[in-house]
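Let me begin by presenting the structure, written as structure tokens, before commenting on it.
Convention: sequence-line order gives letters A, B, ...; per-chain numbering from 1.
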Amino acid sequence: MREKVRRIFADAIQRAVALGELPPEASSREFAVDTPRNPEHGDFAVNAAMILARLAGKPPREVADLILRHLADDEGLFASTEVAGPGFVNVRLDPAYFIRELRRVEEEGERFGCVDVGKGERVLVEYVSANPTGPMHVGHGRGAVTGDALARILSAAGYDVTREYYVNDAGGQVTALARSVWIRAREIYRETHPDAVFAEGPTELGEDDYKGEYIKDVARVVMAGWGEKETEEILSGPFEPHRDRIAREAVRVVLREMIEPDLEKLGIRFDSWFFESSLHESKAVERAIEDLERRGFVTAKVLPPPKGFERDESEAEDRPQLVFLSTQFGDDADRPLRKADGSYTYFAGDVAYHWNKLQRGYSRLINVWGADHGGYVPRVKAAIQAMGRPADALEVILVQMVNLLKDGQPVKMGKRSGNFIRLRWLLDEVGPDAVRVFFLMRRHDAMLDFDVDLAREQSRDNPVFYVQYGHARCASILRKAVEAGLPRPGYRPEHAKYLTMPEELELAKRILAFPEIVAGAAKAREPHRIVFFVQELTALFQHYYEVGKRQGEKVISDDLEKSAARLYLIACMKRVFANALGLLGVSAPERMERAEEEGE
RNA sequence: GGGCCCUUAGCUCAGUUGGAUAGAGCGUCGGACUACGAAUCCGAAGGUCGCAGGUUCGAAUCCUGCAGGGCCCGCCA
């Protein structure tokens, strides 16, 4: 619709150029066709005249008149056009046109809202990627929901999306996990075998080990997979020979028992689980580094010791190490690829991982990370550039911290509470729909207060309710119509004759704006726009309903034609609610469950 | 000390990527139900868009500086 308007104006400018009334450059200048917030300014405001004023050497309003003279509205779209303010051209469309456009909602059904701004571009969205060393916390949850909604929106917007979870199952933390599990397994084993003798290995958890209670649960599940003799052999020590096996099994248990169930509850599915360990096993890390080396971005040099580590000078000089020259791409330090002990750094794995993503043919990479990883972005972008791709082939969405509130107070003082509280607790507490709505109703780059009490409340204050309410109410009215014996609503051209209330026109416009909202949310990578759209549409709907009631203009009345038209409008709206909620991954209920009144 | 993010009504937040008179919810005040869902709606009050410059026809939006808050600054992952 907007594009039609744009084309009509572009054609007019073209004609003016052909007649020499505007300079040739005028035809290539971009102009905006936006919807004014003030309804008096019509349906669309075109700023072309103001953009071209300087070029034409004439005042904007004069240019506007000139453009208007060449306007050719063949379809009869425009009800009126006028020059206003500093030089806007305000365009009002024929109201019936909007009503007729509602036909698209029925035709496109669950695809209504899909657009093609992505043009089939292959994009890999990497999100969650919580370490497989423990349960997900609330902070992970926000990233998970944001990434998932973004993936849904990008798909709807015509991108070819792959959702991927990067499992960090290599490196020191996994060793720590294995050791922690092993030590806990020994404790558990001794409970039933008091006489067991453990010859070698640590018996106490070390500084870097995982001390959470959940490690015992992991240990129990891992042990359950072992035979009696095997158990004895593994636990008697030493630890090292069994390290990799325990690590592998523990990671699998954590994924299966602590991470996948939470994702499942949230309705999040991945197309692909990518294991960091596979990059090491397949020598992809070596190959990626060699590739960078060939391009001249890797060198051996001596780095200053990391903070908190002491090292004497002589030792340092003996130890030049492999370093990626990320400063050449604007990073503030060159980044080591190998540690002092010769093993690869996490970053080396990540270089290989992103190299691999590009090799797989993704021209656009979107990573959803916690804001605390912000400092890590420049070096990965540097790696992307070193591989010969533009820096913005990688977009990193940094999701800000979550602050849990209960009784109006932060759940934990000091650090952000979201990084301590388990996601599963929150899911059990308020349910997946509430979790998703709360995580999606704020811009991802702003901190979020999650009021647990509010999310559970059954009131208008709870945004979850309002987000779902519109859909439920449409459903309710349509049920009523069925009870009244009315036929299933469908599109008919005559509807335009009956849907003449200003509120009905507003609703139709809003419904038809949905595809543009999706396009905007996709382009800006901002899922929260969908939430606001749903809330606004619901508010318009409520308004319509109340006004109708007051004026005796109900949806279902004795006037069958009018009822049919209004029910069609309601059906379109229900479809849009359902599609929008689908993009958010929030359920679209047919009815709101209402808690029993007290004193019943 | 350096980098990234945030700062809009009393509170929580939007603001269509630079458009016309900056919006919504909550809260406050005042209204509307013998019900197509009142879990709702209508109206009012409430603003130096953190501060100061700059860019231009035009700035909450872009550029610079400053202030306040958050996150980060490892041969951890």
Handout entry: rC76(B) OP1/OP2 closer than 4.0 Å to side-chain N/O of K339(A)
Key = yes
Practice task
Spell out yes or no: do the side chain of N90(A) and the base of rA20(B) have one donor N/O and one acceptor N/O closer than 3.5 Å?
Solution key: yes
Exercise for the section: Determine the contact category for A524(A): base if any of its heavy atoms lies under 4.0 Å from a base atom, sugar-phosphate if only primed atoms, P, OP1 or OP2 are that close, otherwise nothing. Expected result: base
Exercise for the section: Side chain of Y376(A) only, please: which of rC57(B), rU40(B), rA77(B) is the nearest? Expected result: rA77(B)
Handout entry: Listed nucleotide nearest any side-chain atom of S476(A), set rG37(B), rA77(B), rC36(B)
Key = rG37(B)
Exercise for the section: Could you say whether the aromatic ring of H41(A) and the base of rA20(B) stack, counting only centre distances under 5.5 Å and plane angles under 30°? Expected result: yes
Handout entry: Polar side-chain atom of D334(A) near backbone of V323(A) as donor-acceptor pair, under 3.5 Å
Key = no
Exercise for the section: Go through the N and O atoms of the side chain of Q321(A) and the base of rC75(B), and report whether any donor-acceptor pair is under 3.5 Å. Expected result: yes
Practice task
Give a yes/no verdict on base stacking between rA39(B) and Y469(A): centres under 5.5 Å, planes within less than 30° of parallel.
Solution key: no
Problem - Ring-base stacking, F465(A) with rA39(B) (5.5 Å, 30° cut-offs) - result: yes
Problem - Within 45° cone and under 6.0 Å: K562(A) NZ/CZ vs Y498(A) ring - result: no
Handout entry: base_contact_polar (rG19(B) base, N47(A) side chain, donor-acceptor, <3.5 Å)
Key = yes
